[in-house]
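These notes are about the structure you will find just below.
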Amino acid sequence: GMLLMFNELMGLCRKLGERQNAIDFAEKALAHIEKNDLQKNIGAATSYLNAATVYKAFERAEKSIPLFKKAEEIYNENLEPNDERFGGLYNNFALACVDLKDFEKAYALYNKALKIMEGKPPEQAITYLNMASAAEAQYGLERAAEIISHLAEKAEELLASMPESETAVKMLKELIY
């Protein structure tokens, strides 16, 4: 019960931009995991992932890396290799790597996410857009223009394959062009 509450509160505070509250709830969740010896359970993995996302969101990406790794370890022990939770983990982990300028690791994680998300166009489209953002961070907008364009086209194709595609593609074009 407590862990779920801490997860919800850290997520809410992160979304509201309440840095200190989000970090406080992340630390409470991590302490609760240790105190109750829950380090190997799937609920702990969710908390590690959420806390890592909080740290990444508030410019503490270096502090998020060990938490992403702990979540990955628990996922590897408890989930099927193609469980979609890996996709979210790898996308968020990659975003932190981009912040830390570890682009090679970020692209490797994005590619893992793409494999897991096969058959899920919205999730794959988001991953391609994250990759475009990483290319911009790595090379700058001008030098990355071709890569960004290529990745945006892949995202657009994926979204166009969906039943409600017209709206999604229109929104994407407004974002990019």
Side-chain angles (χ1 to χ4, degrees), residues 1-117 120-134 136-138 155 168 171-172 175:
M2 289 297 287
L3 203 51
L4 186 59
M5 185 184 70
F6 290 140
N7 280 325
E8 292 302 319
L9 289 169
M10 75 173 103
L12 176 65
C13 293
R14 177 181 52 81
K15 287 176 186 147
L16 295 174
E18 294 179 8
R19 177 193 177 102
Q20 198 51 58
N21 284 335
I23 290 170
D24 288 347
F25 285 122
E27 289 172 357
K28 285 178 181 171
L30 298 174
H32 184 80
I33 290 167
E34 294 301 313
K35 184 179 157 210
N36 294 287
D37 199 29
L38 302 171
Q39 298 89 330
K40 298 281 181 214
N41 116 2
I42 204 78
T46 302
S47 295
Y48 290 141
L49 177 56
N50 290 344
T53 306
V54 163
Y55 289 129
K56 188 258 169 255
F58 297 112
E59 293 87 41
R60 294 168 91 174
E62 71 291 335
K63 201 168 178 176
S64 72
I65 301 299
L67 297 172
F68 284 124
K69 287 180 177 172
K70 281 184 179 183
E72 183 179 26
E73 213 173 280
I74 295 168
Y75 279 5
N76 282 329
E77 290 169 17
N78 293 284
L79 301 176
E80 292 299 313
N82 61 344
D83 189 294
E84 63 186 44
R85 284 174 277 189
F86 276 109
L89 168 67
Y90 293 143
N91 255 312
N92 285 299
F93 195 164
L95 290 168
C97 291
V98 169
D99 283 2
L100 297 170
K101 310 267 183 264
D102 188 352
F103 298 106
E104 195 175 320
K105 175 88 172 159
Y107 293 123
L109 289 164
Y110 284 135
N111 283 315
K112 282 179 154 183
L114 284 171
K115 251 190 201 118
I116 289 162
M117 307 269 193
K120 296 181 178 72
E123 287 84 356
Q124 282 192 304
I126 289 166
T127 304
Y128 281 123
L129 295 175
N130 285 342
M131 291 171 87
S133 180
E136 181 185 352
Q138 184 175 11
M171 288 168 59
L172 177 64
L175 266 175

Derivation and outcome, side-chain contact (heavy atoms from CB on, under 4.5 Å), residues E62 and R60: CA-CA 5 Å; E62 71 291 335; R60 294 168 91 174; 4.0 Å; yes
Find out whether Y75 and L49 are in side-chain contact, i.e. whether some heavy atom of one side chain is under 4.5 Å from a heavy atom of the other. yes
List for me each residue that meets side-chain contact (heavy atoms from CB on, under 4.5 Å) alongside L38, sequence neighbours excluded, and say none if there are none. L3, H32, I33, N36, N41
Roughly how far, to the nearest 0.5 Å, is CG of N111 from CE of M131? 4.5 Å
Indicate yes or no: at least one non-hydrogen side-chain atom of R85 is less than 4.5 angstrom from one of I42. yes
Rounded to the nearest 0.5 Å, how far does CG of N130 lie from CG of N91? 5.0 Å
What are the two closest non-hydrogen atoms of K63 and P66, and how far apart are they? O-CD, 3.6 Å
Y90 versus L114: any side-chain heavy-atom pair under 4.5 Å? no
Heavy-atom nearest pair, A44 first then I74, reads CB-CD1, 4.2 Å
Could you grab the distance from atom OH of Y110 to atom CD1 of I126, nearest 0.5 Å is fine? 11.5 Å
Nearest heavy-atom approach of A134 to Y107 is C-OH, 3.5 Å
Heavy-atom closest pair, residues I116 and D83: CG2-O, 3.5 Å
Rounded to the nearest 0.5 Å, the CE atom of M5 sits from the CE atom of M10 at a distance of 10.5 Å
Atom pairs and distances, donor-acceptor, side-chain atoms in residues 92-105, under 3.5 Å, two or more places apart:
residue, atom, partner, partner atom, Å
N92, ND2, G88, O, 2.9
D99, OD2, K56, NZ, 2.9
D102, OD1, K105, N, 3.3

Is there side-chain contact between E59 and R19, with heavy atoms separated by less than 4.5 Å? yes
Smallest heavy-atom separation, A113 atom then G87 atom, equals CB-O, 3.8 Å
CD/E123: more than 12 non-hydrogen atoms of other groups inside 6.0 Å: yes
Kindly indicate whether the side chain of L30, heavy atoms from C-beta on, has any atom under 4.5 Å from the side chain of E34. no
Does the pair Y48 and E72 meet the rule for a side-chain hydrogen bond (donor to acceptor under 3.5 Å, both in side chains), with working shown? CA-CA 9 Å; Y48 290 141; E72 183 179 26; over 6 Å; no
How many angstroms lie between atom CD of E18 and atom CZ of F58, to the nearest 0.5 angstrom? 8.5 Å
Separation between NZ (K28) and CG (L9), nearest 0.5 Å, reads 9.0 Å
